[in-house]
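Written below as structure tokens is the structure these notes are about.
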There are 2 protein chains.
Amino acid sequence: MRDSEQTRHKILEVSADEIHKKGFTATSLSCILARCEISKGALYHHFANKMELGYVVFEEVYAPAFIALWQPTVEAEDPIEGLCEFFSEMSNTMSCDELVCGCPLNNLCQEMSGVDEGFRIRILAMQQQLNLLISTNLARVSQQLQPDLDFSQVAYFIVSTFHGSSSLSKSSLNKELFDKVIKELCRYIRQLKR
Amino acid sequence: MRDSEQTRHKILEVSADEIHKKGFTATSLSCILARCEISKGALYHHFANKMELGYVVFEEVYAPAFIALWQPTVEAEDPIEGLCEFFSEMSNTMSCDELVCGCPLNNLCQEMSGVDEGFRIRILAMQQQLNLLISTNLARVSQQLQPDLDFSQVAYFIVSTFHGSSSLSKSSLNKELFDKVIKELCRYIRQLKR
DNA sequence: ATTCTAACCGACCGTTTGGTCGGTTGCAAA
DNA sequence: TTTGCAACCGACCAAACGGTCGGTTAGAAT
């Protein structure tokens, strides 16, 4: 057979990139087909419709990448320094073009949460999973931190700020504002230590 | 004559609401026309095209409302408490439906910054104006605050977190997560005092 | 009463979109 | 060698989009 799995993988890969750059709605199937060099029939053989394609991209591309990005960060011996290094490195290594694309999770949250329930529940589940990941690892070193901290609250706060700064840099087209927010975020995170 | 100014105003009002709820691209002219009970000819008599309509909505509706919202908050005698009360009140008074719509500025920033230069520069200008508003008012009471604070950095941080929390609540459909982030944000802001 | 024009109407247009479907092709099993 | 079917093709479709334009109407100015 022609390699079915490879075709499917290529579609997911290209779709993930297009959705990241243009958003879900603005991503056209014809553009995906052109980049994959396949026909519309091929795509609809593998996916029921555009929405389902979006779900699979989220589940099989974005979600694993997202966890793979945050998990090592926060499971480091010192999660406080892990987070700070994570954000700082992001500030240093990301190109301006990458930065402007924003975080796929935040982008989809903004665009699709209010439009499609299927996306909404998947995004919410991801947010909660990430929150659990961060808050449990903060709790792990709670004896080094300030007393009376609400770890879940702190975790949502950190992620919100990060997503907000991603959004901010979309309008500035440079890393300056992103860097500023990240610097202050690191200052805040380190303040959590007693 | 039929009241030209009233027609124009109605178009802007309805468009602002539609764009706030659905985003710029997803807002269809036909929907605006239906709600205004006017024809396509009437709309194109007042505005050159959809993009220009969007610009005018931003400049004549969103921008003034945005400044009117933040200015009193931060020009209060104690801007620290002003900000905290502002956020807390938002947490308390906003309905869930309103919350889910998010901040018009942040929404447009996410959707349009990367797509249209005209939107991008307007949004950026607004971000900078807001930053100046907050940072100068923090500087005004700098003797009450921690030493060595970068006020611009702090201001961008606060707005980023606020926008991030707006985004977050889109996926949760309730105020719980928004409240959590806002509570932590107030804790952070009050910590700025020495 | 006539004229002039801003204000408005709505049929029409080209383009793009997601989606359908009858047909073709390649490969593996029988 | 034949058969069967997953994999793929691409012409076609209806709907929706932003935008155009020749025509109509209301009302102020002369």
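No experiment lies behind these values; they were computed from the predicted model shown.
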Tell me every residue that passes side-chain contact (heavy atoms from CB on, under 4.5 Å) with [X], counting only those two or more places apart in sequence or in another chain.
X	result
Ser91(B)	Phe178(B), Asp179(B), Ile182(B)
Leu69(B)	Phe86(B), Met90(B)
Asn131(B)	Ser135(B), Ser152(B), Ala155(B), Tyr156(B)

What are the atom names and distances for every N/O pair under 3.5 Å that joins the protein to nucleotides 9-12 of chain C?
from	atom 1	to	atom 2	distance (Å)
dC9(C)	OP2	Ser39(B)	N	2.8
dC9(C)	OP2	Ser39(B)	OG	3.0
dC9(C)	O5'	Ser39(B)	OG	3.3
dG10(C)	O6	Gly41(B)	N	3.2

Give me the residues of residues 13-33 of chain A where at least one heavy atom lies under 4.0 Å from an atom of DNA chain D, by number, or none.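 Contacting residues: none.
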
In residues 45-55 of chain B, what residues come within less than 4.0 Å of DNA chain C, judged by heavy atoms?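 Within residues 45-55 of chain B, the residues near DNA chain C are His45(B), His46(B).
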
Please state whether the phosphate of dA6(D), meaning OP1 or OP2, lies under 4.0 angstrom from any side-chain nitrogen or oxygen of Ser4(A).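 The answer is no; no side-chain N or O of Ser4(A) sits under 4.0 Å from OP1 or OP2.
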
Listed by chain and number, what are the salt bridge (charged side-chain N to carboxylate O under 4.0 Å, His left out) partners of [X], not counting sequence neighbours?
X	result
Glu98(A)	none
Glu117(B)	Arg120(B)
Glu184(A)	Arg187(A)

Interatomic distance, Tyr44(B) OH vs dC13(C) C1' [rounded to whole Å]: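 Answer to the nearest Å: 13 Å.
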
Name the atoms and distances for all side-chain donor-acceptor pairs under 3.5 Å in residues 55-62 of chain B, with sequence neighbours left out.
from	atom 1	to	atom 2	distance (Å)
Tyr55(B)	OH	Asp116(B)	OD1	3.3
Tyr55(B)	OH	Asp116(B)	OD2	2.4
Glu59(B)	OE2	Arg122(B)	NE	2.7
Glu59(B)	OE2	Arg122(B)	NH2	3.2
Glu60(B)	OE1	Arg8(B)	NH2	2.7
Glu60(B)	OE2	Arg8(B)	NH2	2.7
Tyr62(B)	OH	Ala16(B)	O	2.6
Tyr62(B)	OH	His20(B)	N	3.2

In a table with atom names and distances, give each donor-acceptor pair under 3.5 Å that connects a side chain of residues 75-82 of chain B to protein atoms at least two apart or in another chain.
from	atom 1	to	atom 2	distance (Å)
Glu75(B)	OE2	Gln71(B)	NE2	3.1
Asp78(B)	OD1	Ile80(B)	N	3.0
Asp78(B)	OD1	Glu81(B)	N	3.4
Asp78(B)	OD2	Lys193(B)	NZ	2.8
Glu81(B)	OE1	Arg190(B)	NH2	3.1
Glu81(B)	OE2	Arg190(B)	NE	2.8

Could you give the angle between the helix axes at the two ends of the helix from dA1(C)-dT30(D) to dA30(C)-dT1(D), with five pairs per end, rounded to 10 degrees?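 Computed from the C1' atoms at both ends, the axes differ by 10°.
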
